[in-house]
Number of protein chains: 2
Amino acid sequence: MGAIDTIARLGRATWEDSRLALSDALPLDQIVMGDCIAAMKALPDKSVDMIFADPPYNLQLGGELFRPDGSHVDAVNDDWDKFDSYAAYDAFTRGWLAQAHRVLKDTGTIWVIGSYHNIFRVGAAVQDFGFWILNDIVWRKANPMPNFKGTRFTNAHETLIWASKGEGSKYTFNYRSMKTLNDELQMRSDWEFPICGGAERLKKGGVKVHPTQKPEALLYRVLLACTKPGDVVLDPFFGTGTTGAVAKRLGRRWIGIEREPEYCAAAVERIDAALPLDESALATMQSPKAAPKVAFGKLVETNMLAPGSVITDAKRRWSATVRADGSLMSACGQVGSIHKLGSTLQGAPACNGWIFWHYEGADGLKPIDELRQTYLLATQP
Amino acid sequence: MGAIDTIARLGRATWEDSRLALSDALPLDQIVMGDCIAAMKALPDKSVDMIFADPPYNLQLGGELFRPDGSHVDAVNDDWDKFDSYAAYDAFTRGWLAQAHRVLKDTGTIWVIGSYHNIFRVGAAVQDFGFWILNDIVWRKANPMPNFKGTRFTNAHETLIWASKGEGSKYTFNYRSMKTLNDELQMRSDWEFPICGGAERLKKGGVKVHPTQKPEALLYRVLLACTKPGDVVLDPFFGTGTTGAVAKRLGRRWIGIEREPEYCAAAVERIDAALPLDESALATMQSPKAAPKVAFGKLVETNMLAPGSVITDAKRRWSATVRADGSLMSACGQVGSIHKLGSTLQGAPACNGWIFWHYEGADGLKPIDELRQTYLLATQP
DNA sequence: CTTCCAGGTGAATCGCAGG
DNA sequence: TCCTGCGATTCACCTGGAA
C-alpha cells in the first residue's frame, strides 16, 4: 500500500475556478489522506498561493503532570509527535520544507506555527531553504495553561513565521484589511486570541478529537492578510481542518494533507458544515480613503457578528452588509466604516456607528455597541 | 596587539565577595574591552551564574528608509552587524556560545535576545550546544516603529530565549518575586515595555550613543527572576552597559565585554552613576521558600492541635485522628504523615497536607495551614 | 429565565534534599 | 545513582446543575 491511501473528496465548491490553469492537476477543496511529504510530491511545481503548516512540535514531555488539586493534565502524547533526536526532527523538517518550497508559487508565502520546542529549528531551516522571513508573529493566548509547579514563566504564547519564497519576491499582503481590522492602526506582530474551546472545539463522546486544534480566528487573520479570494491554500498538517473551514468561509480554495483517518473524518464533516460568505461580504477594503475607525473588526473576526450579516439603523431606514475586514457596504454600494457609512447615508457630518447601527438580537433590534460591551466584558480583566 | 586591549576598571563594590572562591580570577564589576570570544576564553570554567547576551542581529537591511513625511530613518548600520552569509553568522554564534557554555556554572542560565533576523539560528544553536530551553519570552514593545511602507505587520516585539545549562539542570527562578511583580498572578511569557528613550537613553551631542540600547526594565525583570544577590552576571555584548547598571542596582556582580571604546566609556560613566539598592529593599524580593519549615508535629507538641483531635478535608469526605507523634490515622486504620495520608485517601500521587486537612475552628472548617501561620507569627521575631 | 457555583481543562520539554 | 518522603503548586474560560 502506498503512502497515500485514500482521497477523501468533498463536494466541489460552486464558484468558478477557470482562473486557475493548474486547477485540474490539484486536489482542490479536498483532503489527501497520507504522509505529507509523499502527498506533496504529487503536487505540481509552483502551484499554490499559500502554505499554512502546523507541524508536530517535538515536545519531548517527561513524566505525568498533575495540577495542584491533584487532577491529571491530559498532555500531547501521540505517536506523530515522537522523534528520536533533534537530528531526526531536522530531517523531517527539511523533508517537508523542500516540497513546500517547490510547490509554492514565486508570489506565494508560507506560514509555520510552533513553540519554543521546535520553532527555532524550523525557522533556521526556513531561512536555509531561501525563504525570506517577512515577520514573526506572536499568538498571545488569552487563557494559557498555568505553570503548575511554579518553576518557569507561564508559557502563554506560540510563534508563527511568515516568509516569502525568496529575498525580493513579490507577495500578497492586504495591508488595508489588516489596518481596518485593527481599529485603524497598523496590525502589529503580536496577536491575542483565546485558545480553541467551547462550541468550536471538535469533540467526540465528550473527548477532544485533536489535542492541538487551532482557533479559527487565528486562521481567519492569516488568510485574510495574505491571500485573495480564489487563492489556493495548502495545509500539509491538516488535522481537523481549521484551515479548510476558514478558507471555505473566506472564499479561498484549499488542499489538506492528513495522515490520521479520524482527523480526516472530523475535518470532512466540519468543512461540509461551514458556510461560505457571499461576495459582498468578501470584498475587502482597498482604498485608503474608506476607513473604518474602530475595533469593529474584532467583532467580525471573533464571529460575534459574522461577515455577511445585515445591520440597520434603529428605524430600519437604512441597512448595510458587514464585510470580512470589518467595513460596511450599503444597499446602493457605498462603502465605509460603521461611522463613515452612517454619516454618508444620513447626510450628517458625523455619526457614532456604534449607536447608529443595530443588529437583530433575540428580542429585537439592538445597537452593535452592546456587542462591543459583551466583547469587552469577555476580554477585559 | 592582542584582542583584549584594555581593562576598564570601575570602583570595586563595597560588599564582601569572600563567598566566591573564583572571584579573584574574575574581572568582577569591570568591563573587558576586546573581542568577546577572546575575552571569554580568559575566564575560568563554570564561573558565572548567568549570561545575558544581546548579540548582533544580522539585520541585513537594504537601502535607506524614509518616513512618509520624508524624514530619514536612522537604522542600524554599524560594522559590527555585518556578516557575509548565514554560515558566517552561524560560525560567529557557535564561537561565542561554546565559550558561554564553558564559563556558565552548572546551575546557571543563559538569556539571549534577538529578532526574527537571527533568533531562529541562535535558538537552534543554543539547543545544539545542549542548553535546555526553559521559556521563550516575548518583549512586546509599547511603542514600536511603524512599518512605513505598509508592506508587512508592524514589527512590534523581540524574542528572548531563557535556557539552563542542560536537561535536568538546577537553576534559579524567583517564582514568588515574579508573581508579586505581576499583581499576584503567575508571570507570563509575554512582557510589555516601552523601548528605551527619554532620560534613560544615552546621548552624546544629541545623538544616541548606541543604536539598540535595551530598556533597564527588561534587564531588571530578567535579573530579578533568575539571579540571587551577589550572583555573577556576564554580558558578552555589553554595549552601553544596561546589564551592568541594573546588576549594580540589584546587588548583583557583573562582567561586561565590549569591543567599541566609545560604548565602554559611556557604560563606565553610566554605571558609576547607578545607585545600588540597600539590603532591606533587596530582601523584600526574596522567596518565601527560605522561610523556616514547621513540622506538623510542632503544632501537636505545642498543643495548638491536641493529640486525639479529628481533622477532615474541606468537604468532610475523609477524616483522621491526630496522634501524639504528629502522624495521622484514618477512620479505616491507615496511617501516615499529613501529606502521605492525604494522597493515599485521594488516590493521588501527591498532596499538600497543609491545605488538604482542616480543623474545626470557631467559625467553621479551616485549613491547618492557618495554624502554621499562627505558629510562625508567634515564634518568629 | 437568570444567576451563581462547582467542576473540568488546555501544545507542558513542570522538585528536591537526604540517605 | 537510585529511592524515599517532604511539601510546594494554577489561570481563564466553558459547562452543567443548583439556587
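Just so it is clear: chains get the letters A, B, ... in the order the sequence lines come, proteins before strands, and each one is counted from 1. What you see below is based on every heavy atom in this structure, not just the backbone, and it leaves out hydrogens, waters and symmetry mates.
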B:Thr109 versus B:Cys226, closest heavy-atom pair with distance = OG1-CB, 4.1 Å
So, is [X] close to the [N] phosphate, meaning a side-chain N or O under 4.0 Å from OP1 or OP2?
X        : N      : answer
B:Lys340 : D:dG7  : no
B:Tyr175 : D:dT10 : yes
A:Lys141 : C:dG10 : no
B:Ser337 : D:dC6  : yes
B:Lys170 : C:dA17 : yes
A:Arg67  : D:dA12 : no

Considering only side-chain heavy atoms of [X], which listed nucleotide, [options], is closest?
X        : options                : value
A:Met145 : C:dG10, D:dC11, C:dC14 : C:dG10
A:Asp81  : D:dG7, D:dA12, C:dA11  : C:dA11
A:Ile195 : C:dG10, D:dT9, D:dC11  : C:dG10
A:Asp54  : C:dA11, D:dC11, D:dG7  : C:dA11

Aromatic A:Tyr86 / basic A:Arg121 pairing, under 6.0 angstrom, 45° off normal =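 Judged by the rule (NZ or CZ under 6.0 Å from the ring centre, within 45° of its axis), A:Arg121 counts as positioned above A:Tyr86.
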With sugar-phosphate meaning primed atoms plus P, OP1 and OP2, does [X] contact a base, only sugar-phosphate, or nothing at under 4.0 Å between heavy atoms?
X        : value
A:Cys196 : nothing
A:Asn155 : sugar-phosphate
A:Gly197 : nothing

key: Ring geometry between A:Trp162 and B:Phe153 (parallel below 30°, tilted from 30 to 60°, perpendicular above 60°)   = perpendicular
task = Take the angle between the ring planes of A:Phe92 and A:Tyr89 and call it parallel below 30°, perpendicular above 60°, tilted in between.
result = tilted
key: Residue matched to D:dG5 through Watson-Crick or wobble contacts both under 3.5 angstrom   =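 Partner of D:dG5: C:dC16.
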request  = Give none if D:dC13 has no partner; otherwise give the nucleotide forming a Watson-Crick or G-U wobble pair with it, both distances under 3.5 Å.
outcome  = C:dG8
